[in-house]
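Excluded from the calculations below are hydrogen atoms, water molecules and symmetry mates; all remaining heavy atoms, backbone and side chain alike, are included.
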Amino acid sequence: MRKKQNLNKTNLKKLNSIAHLKSFHSKIKSINSEYQDFNIFIKDFENFISTELKIPAKDLSLEDKIFEGIINRLDFLNDYKNVTLRIYLESQKKPKYFLNLSKNINNYFNLFLNSQVEKIMSIIIYLYAFNVWIEDNNNMDKTMASIGNAFHNLDKVRSFIKIR
């Protein structure tokens, strides 16, 4: 019986180079037979990310915490962008994968945000930034600008709500 491996930088780099291939699912099963259930692979991938991600400093403003949190996550995912995109595409087909991802993203924001409103706001901005990140290059200039624009648009909505 083959010993199960944990996801690590080495095998994720290898998987990243073949994430676009049809054989991807068989390759992940060669790392760990439990990955026949892609949801388990997603959970392990998210666990790997959670052990490696930096959490924004506590003394930052709310906007800076959200910005840093999103950029930290997306910057880390740059090294595994093809795997991340494969998970994203598979999640569009199967809601249980999407729910698993949502739970993990929510758990990440729970580490440094306090209120439910802050978390919801950060997840909305994250989803917007993620869709820009998909097409962005490694320096993430467009992604960072999109986050800034999202905050600017939120400020417009806040001012509109206060006027009424």
Side-chain angles (χ1 to χ4, degrees), residues 5-32 35 38-58 60-94 96-113 118-154:
Q5 296 180 37
N6 291 324
L7 288 180
N8 57 45
K9 289 179 184 181
T10 303
N11 55 30
L12 277 172
K13 284 283 188 186
K14 289 177 187 174
L15 289 175
N16 196 57
S17 67
I18 60 153
H20 63 286
L21 300 177
K22 286 184 180 182
S23 62
F24 180 72
H25 284 283
S26 62
K27 296 292 183 187
I28 63 174
K29 285 186 266 186
S30 71
I31 292 172
N32 183 333
Y35 294 160
F38 196 63
N39 217 20
I40 294 172
F41 174 76
I42 294 171
K43 286 178 185 176
D44 283 359
F45 181 71
E46 286 293 331
N47 285 336
F48 171 76
I49 291 169
S50 69
T51 62
E52 301 283 325
L53 268 181
K54 297 175 189 168
I55 297 170
K58 292 180 181 191
L60 295 174
S61 69
L62 174 61
E63 193 172 298
D64 287 344
K65 278 184 192 177
I66 293 171
F67 182 88
E68 287 294 319
I70 293 170
I71 291 301
N72 288 345
R73 183 174 168 88
L74 294 176
D75 188 43
F76 182 81
L77 290 175
N78 265 336
D79 289 339
Y80 314 105
K81 193 167 193 170
N82 294 333
V83 171
T84 303
L85 293 177
R86 181 65 180 249
I87 291 170
Y88 172 70
L89 292 171
E90 296 283 334
S91 296
Q92 289 181 325
K93 297 178 210 171
K94 295 199 176 175
K96 70 178 184 177
Y97 300 159
F98 181 77
L99 291 173
N100 189 13
L101 276 175
S102 299
K103 177 184 165 196
N104 285 295
I105 292 167
N106 188 50
N107 288 342
Y108 172 62
F109 287 115
N110 280 338
L111 295 173
F112 57 91
L113 297 174
E118 293 173 355
K119 293 170 197 169
I120 291 168
M121 184 171 67
S122 65
I123 289 171
I124 291 169
I125 295 171
Y126 176 80
L127 292 172
Y128 175 65
F130 181 86
N131 283 295
V132 173
W133 173 81
I134 289 171
E135 300 292 328
D136 205 354
N137 57 31
N138 283 349
N139 68 17
M140 300 194 320
D141 288 340
K142 292 176 186 173
T143 303
M144 288 188 272
S146 73
I147 296 169
N149 289 337
F151 283 119
H152 178 71
N153 290 333
L154 279 174

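Taking CD from Glu52 and NZ from Lys9, the interatomic distance works out to 4.5 Å, rounded to the nearest 0.5 Å. For the atom pair CG of Leu15 and OG of Ser30, the computed distance is 7.5 Å after rounding to the nearest 0.5 Å. In this structure, OH on Tyr108 lies 9.0 Å from CG on Leu113, to the nearest 0.5 angstrom. In this structure, CD1 on Ile147 lies 10.5 Å from CD on Glu63, to the nearest 0.5 angstrom.
At least one side-chain heavy atom of Leu77 sits less than 4.5 Å from a side-chain heavy atom of Trp133. For the pair Ile125 and Leu154, the minimum side-chain heavy-atom distance is below 4.5 Å. Side-chain contact between Asn72 and Ile55 is absent, with no heavy atoms from C-beta onward closer than 4.5 Å. Within the 4.5 Å cutoff, the side chain of Met121 has heavy atoms near those of the Leu62 side chain. Taking the side chain as every heavy atom from C-beta outward, Tyr97 and Ile87 never approach each other to under 4.5 Å. The side-chain heavy atoms of Asn39 and Lys94, taken from C-beta on, include no pair separated by under 4.5 Å.
Although no hydrogens or angles enter the test, the distance criterion places a donor-acceptor pair under 3.5 Å between the side chain of Arg86 and the main chain of Leu21. A donor-acceptor pair under 3.5 Å is absent between the side-chain atoms of Asn131 and the main chain of Tyr128, judged by distance alone. Side chain of Ser23 to main chain of Ser26: no donor-acceptor pair is present (N/O by atom type, distance under 3.5 Å, no hydrogens or angles).
Nearest heavy atoms, Lys43 versus Asn100: CG-ND2, 3.1 Å.
Checked against a 6.0 Å centroid threshold, the rings of Phe67 and Phe151 do not count as neighbours. Here the two rings, on Phe38 and Tyr35, have centers that are 6.0 Å apart or farther.
No more than 12 heavy atoms of other residues, nucleotides or ligands shown are found within 6.0 angstrom of CZ on Phe98.
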Query raised in the report: Can Asn106 and Tyr126 be said to form a side-chain hydrogen bond (donor to acceptor under 3.5 Å, both in side chains), step by step?
Result: CA-CA 10 Å; Asn106 188 50; Tyr126 176 80; over 6 Å; no
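Legend: residues meeting salt bridge (charged side-chain N to carboxylate O under 4.0 Å, His left out) with Asp79, ordered by chain and number and at least two apart, are Lys13.
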